[in-house]
Peer 1: 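Before I ask anything, let me first share the structure, which is written out below as structure tokens.
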Amino acid sequence: MRSAILFLAGLVSVLTAGWTVFPRALYKSSPQPLQFNHKVHAEKAGSECSSCHEIRADGSFSGIPGIANCAGCHPEPQGTSLAEKTLVEKYVKPNVEIPWHGYYRQPINARFSHVRHVKAGKLKCETCHGDHGKSSSLPPYEENRISGYSRRIWGAKMLRVNIRPDEGMKMSDCENCHAQRGVSAGCLGCHQ
Amino acid sequence: MAATKKHRRYGMVVDIDLCTGCGACMVACAAENNVAPAPERATDRTGITPMRVYPVHNGAPGDRRQTAFLPLMCMHCSEPPCESVCPQQAVELDEATGIVTQMPQRCLGCRYCMTACPYHARYFNWWDPQWPVGMEATLNPTVAPRSRGVVEKCNLCASRLHAAEDQATAEGQPMPATYVSACVEACPTGAMVLGDLDDPDTEAHKLAKAEGTFQLLAKLGTRPKVYYHSSRPWVRSLSERNAKEQAHA
Ligand code: SF4
Ligand code: SF4
């Protein structure tokens, strides 16, 4: 009996450490260099995702827009918030790029083509990025201390059940989606 | 996605009569594919040359001697012996493109594939890649460098195909019938062409069917997708000779 209790106590403490303490220690959280409100930009400025995150004529993807895009509408602060002031004084006027942390950056041997997914595959941005385009603030960036990758690749939940669409960007997630849609999943298509 | 995807069978035709042996393709290949400069102790088998210009001669003495140069790379065999021997499934004949893909991240370094490849097209990374300080800035961001302990080879500039495919998609076109690999781009005499061998409109298709075009070691049944062309019979005859015959030639 005594040994069973000891065993259970050991099991519970190991599981607690593995499932709650370890993930916390594993990820380093850093705030984005500036706050950004996707919702306001979508609603007030009437911009679509592609207004700032553009697929260029040669099929490449612009990704996170450069400071020149911001400067178009924010040559002067649009309001009195601190973020506005920082944006204009620290980045727009001296023409310095904002060092955003990319939530979705993949390892160098993975290749993801936005144009293939959006134009040929007719996927909506939300399919993989969820409500990110409707969010009113940027969550902190969480980096895996061992691999250096964003937590969005694995997802917030260690068990990976019910993960949000904008989390879970592991190879198996790509493969599952490809299998569901009957799209080829040869190594070459997504690796370089 | 499947709707706009047309299957291709990319291959190359190399005109040996046009090759001057300058080696521009070798340099372009190494630069494109992030092949690090070889350490001093590397030999031509332990160094990494996914594209290698190989000199051959007709064996005749004096002024009857003739030399030719063969740019050698992976033949992208349609029956690749390297694929079937790999215990890691690190080698794959890609259905959509016909490219024989090497996935260094999966490779455990057993080198079975190097033994299986009759063309010596595969190279083992004996050392971790090292670039002289400052040269990292020249690395190609669309090709992942390989680490020590894995095998690599020509992937037919797959990342250039990716870029060409992306552009075609942006323009509403199916997969392109041709694209430009680094070696094809660099060759000053235009000795190499790359394209879909099954598409009757490509130069590669026409040249692959032309007289004087042959495959290296066709008798082995690997069905290479890299073809060679020469109007000189002695050059063509080399392609079927084995090492013993070669030694006595
Ligand atoms: S040439 Fe060698 S490496 Fe290339 S596909 Fe054929 S057997 Fe494999
Ligand atoms: S060396 Fe690598 S690629 Fe070649 S057979 Fe072994 S595991 Fe496969």
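So that the names make sense, note that chain A is the first sequence line, chain B the second, and so on, each numbered from 1.
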Peer 1: Would you mind telling me which of A:Arg116, A:Lys119, A:Arg111 makes a salt bridge (Lys or Arg N to Asp or Glu O under 4.0 Å) with B:Asp166?
Peer 2: A:Arg111
Peer 1: Tell me if the CZ atom of A:Arg164 is crowded by more than 12 foreign heavy atoms within 6.0 Å.
Peer 2: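 Yes, CZ of A:Arg164 has more than 12 neighbouring heavy atoms, counting only those of other groups under 6.0 Å.
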Peer 1: Return the CG to CG distance between B:Leu93 and A:Leu188, rounded to the nearest 0.5 Å.
Peer 2: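 Reported value, rounded in 0.5 Å steps: 10.5 Å.
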Peer 1: Crowded around B:Gln130 CD? As in, over 12 foreign heavy atoms under 6.0 Å?
Peer 2: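 Not buried by this count: 12 neighbours or fewer within 6.0 Å.
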Peer 1: Using every non-hydrogen atom in the two residues, find where B:Asp94 and A:Gly186 come nearest and quote the distance to one decimal.
Peer 2: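 What the structure gives for the nearest pair is OD1-CA, 4.1 Å.
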Peer 1: Please state whether the side chain, the backbone, both or neither of A:Arg56 comes within less than 4.5 Å of a heavy atom of chain B.
Peer 2: backbone
Peer 1: Quick check on the interface: out of B:His162, B:Glu171, B:Gln102, B:Glu95, who has the most heavy-atom pairs with chain A under 4.5 Å?
Peer 2: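 Most heavy-atom pairs under 4.5 Å with chain A: B:His162.
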Peer 1: So which atom in A:Ala57 and which in B:Ala170 form the shortest heavy-atom distance, rounded to 0.1 Å?
Peer 2: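 Where A:Ala57 meets B:Ala170 most closely, the heavy atoms are O-CB, 3.6 Å.
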Peer 1: Is it true that atom OH of B:Tyr54 has more than 12 heavy atoms of other residues, nucleotides or ligands lying nearer than 6.0 Å?
Peer 2: no
Peer 1: To the nearest 0.5 Å, what is the distance between CD (A:Gln192) and CZ (B:Arg160)?
Peer 2: 13.5 Å
Peer 1: Mark yes when over 12 heavy atoms from residues, nucleotides or ligands other than A:Arg145 sit less than 6.0 Å from its CZ; otherwise mark no.
Peer 2: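 Enclosed: over 12 neighbouring heavy atoms sit under 6.0 Å from CZ of A:Arg145.
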Peer 1: Which residues in residues 104-114 of chain B have any heavy atom lying under 4.5 Å from a heavy atom of chain A?
Peer 2: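 Residues B:Gln105, B:Arg106 are the ones that qualify, each having a heavy atom under 4.5 Å from chain A.
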Peer 1: Please identify each residue that fulfils salt bridge (charged side-chain N to carboxylate O under 4.0 Å, His left out) with B:Glu83, with sequence neighbours left out.
Peer 2: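 B:Glu83: no salt bridge (charged side-chain N to carboxylate O under 4.0 Å, His left out) contacts found.
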Peer 1: Keeping to residues at least two apart or across chains, list the ring-ring contact (aromatic ring centres under 6.0 Å, His included) pairs with something in residues 84-108 of chain B.
Peer 2: none
Peer 1: Enumerate by number any residue of residues 131-144 of chain B whose heavy atoms lie under 4.5 Å from heavy atoms of chain A; in the absence of such residues, state 'none'.
Peer 2: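 Residues of residues 131-144 of chain B touching chain A at under 4.5 Å: B:Pro141, B:Thr142, B:Val143, B:Ala144.
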Peer 1: I want to check something: taking the side chain as every heavy atom from C-beta on, are B:Thr169 and A:Ser113 in contact at a cut-off of under 4.5 Å?
Peer 2: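 Result no, sub-4.5 Å side-chain heavy-atom pair not found.
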Peer 1: More than 12 foreign heavy atoms under 6.0 Å from NZ of A:Lys157: is that the case here?
Peer 2: yes
